[in-house]
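Note: hydrogens, waters and symmetry copies are ignored here, and every other heavy atom, side chains too, is used. Throughout, a chain's letter reflects where its sequence line sits, starting with A, and its residues are numbered from 1. Since we're looking at a predicted model, the values are computed, not measured.
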Number of protein chains: 2
Amino acid sequence: MVTIKEIAEMAGVSRTTVSRVLNNSGYVSEDARKRVEKVIEETGYVPSEQAKSLRTKKTKVIGVILPTIQTETPSRIVTGVGKELSKNGYQILLANTNLDKQKEVDYLDLLRLRQVDGIILIATNTEPKLMEKIKEIKVPVVIVGQEAEDMMYVTYDDYHAAFDLTSLFIERGHQNIAFIGVDETDRAVGHLRKKGFLDAMESNGLMVEPEWMQTGVFDIDSGHDAMKSILEKSTKKPTATIAVTDRLAIGAMSYLKEKGVRIPEQMALAGFGASEIAKYLEPPLTTVDYQNEKAGEQAAKQLLAKIESKNYQKQIILDYRLIIRKSV
Amino acid sequence: MVTIKEIAEMAGVSRTTVSRVLNNSGYVSEDARKRVEKVIEETGYVPSEQAKSLRTKKTKVIGVILPTIQTETPSRIVTGVGKELSKNGYQILLANTNLDKQKEVDYLDLLRLRQVDGIILIATNTEPKLMEKIKEIKVPVVIVGQEAEDMMYVTYDDYHAAFDLTSLFIERGHQNIAFIGVDETDRAVGHLRKKGFLDAMESNGLMVEPEWMQTGVFDIDSGHDAMKSILEKSTKKPTATIAVTDRLAIGAMSYLKEKGVRIPEQMALAGFGASEIAKYLEPPLTTVDYQNEKAGEQAAKQLLAKIESKNYQKQIILDYRLIIRKSV
DNA sequence: TATTTTTAGGGAATCGATTCCATATTGTAG
DNA sequence: CTACAATATGGAATCGATTCCCTAAAAATA
C-alpha cells in the first residue's frame with residue numbers, strides 16, 4: 001500500500017504539497033500539481049481513511065441502528081439511507097439489535113467509539129433511557145419512524161394515516177371495526193395508529209367493544225391469533241378489521257381463510273406498510289404506503305447537512321398514501 | 001474524549017504502561033496496574049479504534065457486499081453474519097449494490113481502502129472480472145451463495161436440492177414439469193438449480209418441452225409472466241411447475257389464480273428459499289429451506305478464523321431441507 | 001558475593017495523513 | 001527602487017494508539 005510519503009518522494013515534493021494537491025487547498029504551482037497528479041495516477045494511490053480520520057476526526061461513516069433487517073420497513077429505509085450516503089462518499093456501519101431494546105442504547109455507545117460522524121436510528125420506542133443516551137453521546141442522531149421532542153427525526157403521519165384508513169371503512173358502511181395493534185411503547189405503530197383509529201371511530205359516533213381491540217407482536221402468527229381472539233371473544237361481531245402492519249393483517253387473513261370467512265364480504269381487512277406481497281394476496285390487501293425508502297433518503301440527507309453544517313430540517317413528517325385494494 | 005496520554009498522566013505512569021495494561025502485554029507491577037485500572041474506570045476511557053488500527057493495521061470491521069437488502073435471503077445471511085461478528089467484537093460495513101454487478105467489483109476496492117479486515121460477498125455471479133478482483137485485493141473474502149474455484153465460500157447444495165424437489169414431483173406422478181429459472185450467470189440459482197431439474201427429469205426418462213422452460217428475474221411479476229408464457233405457449237400442458245425462488249412461485253401462483261387454475265390439482269407448484277410468507281399462502285407453498293442465517297454465521301466464523309490465523313474450512317456446502325406443503 | 005535472569009517501566013519512533021508556521025521567491029503598487 | 005502582498009514550498013507538530021529498545025531494580029543462580 002503506497003503512502004503519501006512515497007508519492008512525495010517520487011514527485012520530488014514534500015508531503016505537505018501532496019496533501020495540498022489532494023485536498024485542493026493552499027498554493028501549489030501548476031508544475032508541481034502536474035507532477036504529483038501524474039505519480040498518483042501511475043501508482044493508483046488513495047489516501048488512507050484511517051490516517052485521515054485520526055487527524056480530521058471525520059470518518060465518513062454513518063452508523064445505522066435497526067431492530068431487524070428481516071422485515072420490509074427497515075430494509076427499505078436502509079436502502080434509501082445507503083443510496084443517499086454513497087452519493088456523498090459515506091458508508092454504513094450496521095448495528096442490528098435483533099429487537100433487543102437494550103442494544104439500541106448499547107450500540108449508540110459503540111458507534112460513538114467507532115467515531116461515526118452520525119447515527120441513523122430506526123427506532124422502536126422513545127423511552128427516556130434511549131433519549132438520554134442520544135443527548136449524551138454528542139454525535140448527531142436522526143431517528144426514523146418515531147417522533148421525539150427536541151430530536152432530529154423523520155417519521156410518518158401515523159395518526160392521520162390510521163384516521164383516514166378507519167374513515168374509509170366507515171364510509172363504506174362499516175360500523176363495527178376491530179383493531180389489531182402492538183404494544184404502545186412503540187409510539188408510532190402502537191400508540192398513534194391506535195389513537196387515529198379510536199378518534200375516527202369516536203368522531204363518527206361509533207363504539208368500539210373492548211374485545212375488538214387485540215394486541216400482537218410484529219409477526220404473522222400473532223395476527224392470526226389476534227383475529228382468532230376477536231372472533232371468539234366478541235359477542236357483537238365486527239365486519240372489518242384494521243391491523244397496524246401488513247404482517248399482522250396477513251396472519252389475520254390466514255385465520256379468516258381457515259374459518260371460511262369471506263374477505264371482504266364478511267370481514268373487510270387492511271394493514272399498514274405496503275408490503276410487496278400485499279398486492280398478490282387473495283384478495284389483494286388494502287394498506288398504507290409510507291415510502292420508507294424516501295424516509296431513509298431524507299434521514300441521510302438531513303443528517304449529512306447537519307454534519308457538514310449546512311441548513312437542515314430538524315423534524316420531518318412524511319406523507320402517506322392509501323392503497324385501496326379488494327380486501328375492503 | 002479522554003486519551004491514553006491523559007490516563008498515563010493521571011495514573012502517574014507512561015503511555016507505554018497504560019498500553020501494557022490495556023493489552024495485557026509485557027511486565028506491569030500489580031501496583032501500577034491497579035492505578036491505571038482505577039483511572040480507566042473513573043474516566044470511562046476507551047481507546048480510539050482509529051488510532052489503534054492505524055498502528056496495528058486491524059480495524060475489526062468486516063465489509064459485507066450484497067445485491068439487495070430487500071429480499072429474505074441476503075437479509076437472513078446478514079443477520080447470521082452480524083450475530084457471529086458481534087460476538088467477536090467485529091462490526092459490519094455495509095455495501096449494497098442494488099443489483100448492479102459492476103458495483104460488486106467496485107465495492108471490493110472501496111472496502112479494501114477502508115481497510116476492512118475481511119469481506120463477505122453475497123454473490124450473484126462468479127464472473128472472471130469479479131474473481132480476479134478478489135484475488136487482487138489481498139483481503140480475505142468469503143463468498144456466500146456461489147461456488148468458485150480456489151475461493152473461500154459457503155454455499156448450498158443447489159444441484160441436489162433441485163434434483164430432489166424434482167424427484168418429489170415425479171414420485172407424485174407428474175411427468176410434465178415446467179421450470180421457471182433465472183439467468184445462468186448466477187451459477188447457483190440460474191445454472192445449478194436448472195441442471196438439477198433437468199438431470200432429475202432425464203434420469204427418469206422424462207422429456208422437457210422447450211416452452212416449459214421460462215426465465216425471469218428476481219421479482220414476483222416476472223414469475224407471473226413466466227407462468228403465463230408457459231400456459232399460453234405450450235401445446236402439451238405441464239401439470240407441475242418448479243420456480244427457482246419463492247417470489248417467482250408466488251408470481252406464478254397469482255397468475256394461476258387469475259385463470260382459475262386449481263393448485264395443486266391442476267398445477268402443482270414449488271419454490272426455493274423458505275420465505276416466511278410461503279407458509280401462509282393458499283395453498284401453502286412447498287419450498288426448499290437453505291438455512292441462510294446459518295450460512296451467514298458460518299461465513300463469518302470461517303472468515304474470522306482465517307483472519308486470526310486459526311484453522312478454517314475453506315469451502316462449505318450446507319445442507320438443505322424440503323418443506324413439503326399443500327401446493328404439491 | 002558476583003553474575004545472570006526476570007521484572008518493571010519509560011523514551012521515542014511509528015502508523016499515514018493534515019496543518020500550522022516559517023521561509024523563499026515572484027509580482028505589483030507607491 | 002523599495003515595500004508589501006501574493007504565491008509556492010517545506011519542516012515539524014499533531015492526531016492516539018502500539019511497540020522497539022534501552023535502563024534499572026529485584027530476584028535467582030552460581
Donor-acceptor pair, B:Ser86 side chain versus B:Gly82 backbone, under 3.5 Å? yes
Is a side-chain N or O of A:Asp100 found less than 3.5 angstrom from the main chain of A:Gln102, in a donor-acceptor match? yes
Residue pairs passing the salt bridge (charged side-chain N to carboxylate O under 4.0 Å, His left out) test with at least one member in residues 85-96 of chain A, sequence neighbours excluded, are A:Glu84-A:Lys87
Counting only non-hydrogen atoms, which of residues 27-38 of chain B are less than 4.0 Å from DNA chain C? B:Tyr27, B:Val28, B:Ser29, B:Ala32
Ordered by number, residues from residues 16-24 of chain B within less than 4.0 Å of DNA chain C (heavy atoms) are B:Thr16, B:Thr17, B:Arg20
Span of DNA chain D engaged by chain B, first through last nucleotide within the 4.0 Å heavy-atom cut-off, is D:dG16 to D:dC21
Do A:Asp31 and A:Ser29 have a side chain donor and acceptor closer than 3.5 Å? no
Can you pull out every salt bridge (charged side-chain N to carboxylate O under 4.0 Å, His left out) where at least one residue sits in residues 146-158 of chain A? Sequence neighbours excluded, please. A:Asp158-A:Arg193
Report the residue (B:Val13 or B:Gln115) whose heavy-atom-nearest nucleotide on DNA chain C is the more 5′ of the two. B:Val13
Test side chain to side chain donor-acceptor pair (under 3.5 Å), reference A:Gln146, set A:Thr126, A:Asp186, A:Thr155, output is A:Asp186
Closest approach of B:Lys60 and B:Gly89, non-hydrogen atoms and distance? CD-O, 3.7 Å
Please name all residues satisfying ring-ring contact (aromatic ring centres under 6.0 Å, His included) with B:Tyr290, sequence neighbours left out, ordered by chain then number. B:Tyr156
For the helix from C:dT1-D:dA30 to C:dG30-D:dC1, figure out the bend between the end axes, five pairs an end, and round to 10 degrees. 40°
Of all of residues 49-57 of chain A, which get a heavy atom below 4.0 angstrom from DNA chain C, listed by number? A:Ala51, A:Lys52, A:Leu54, A:Arg55, A:Thr56
Only pairs at least two apart or in different chains count here, so list each salt bridge (charged side-chain N to carboxylate O under 4.0 Å, His left out) that has a residue in residues 1-11 of chain A. none
Between B:Glu297 and B:Lys301, is there a side-chain N and carboxylate O pair less than 4.0 Å apart? no
Output yes when a side-chain donor or acceptor of A:Arg35 lies under 3.5 Å from a complementary backbone atom of A:Ala11, and no otherwise. yes
Donor-acceptor pair, distance only, cut-off 3.5 Å: does the side chain of B:Thr97 make one with the backbone of B:Lys103? no
A:Gln91: what forms a side chain to side chain donor-acceptor pair (under 3.5 Å) with it, not counting sequence neighbours? B:Arg114
Sequence neighbours excluded - salt bridge (charged side-chain N to carboxylate O under 4.0 Å, His left out) pairs with any residue from residues 115-141 of chain B: B:Lys101-B:Glu127, B:Asp109-B:Lys133, B:Lys133-B:Glu136
If each of B:Ser25 and B:Met1 is mapped to the nucleotide of DNA chain D with the nearest heavy atom, which maps nearer the 5' terminus, i.e. the 5' end? B:Met1
Separation of C:dG10 atom C1' from B:Ile4 atom CD1, nearest Å, is 13 Å
For A:Ser53, enumerate each residue passing the side chain to side chain donor-acceptor pair (under 3.5 Å) test, keeping only those at least two apart in sequence or located in another chain. B:Gln50
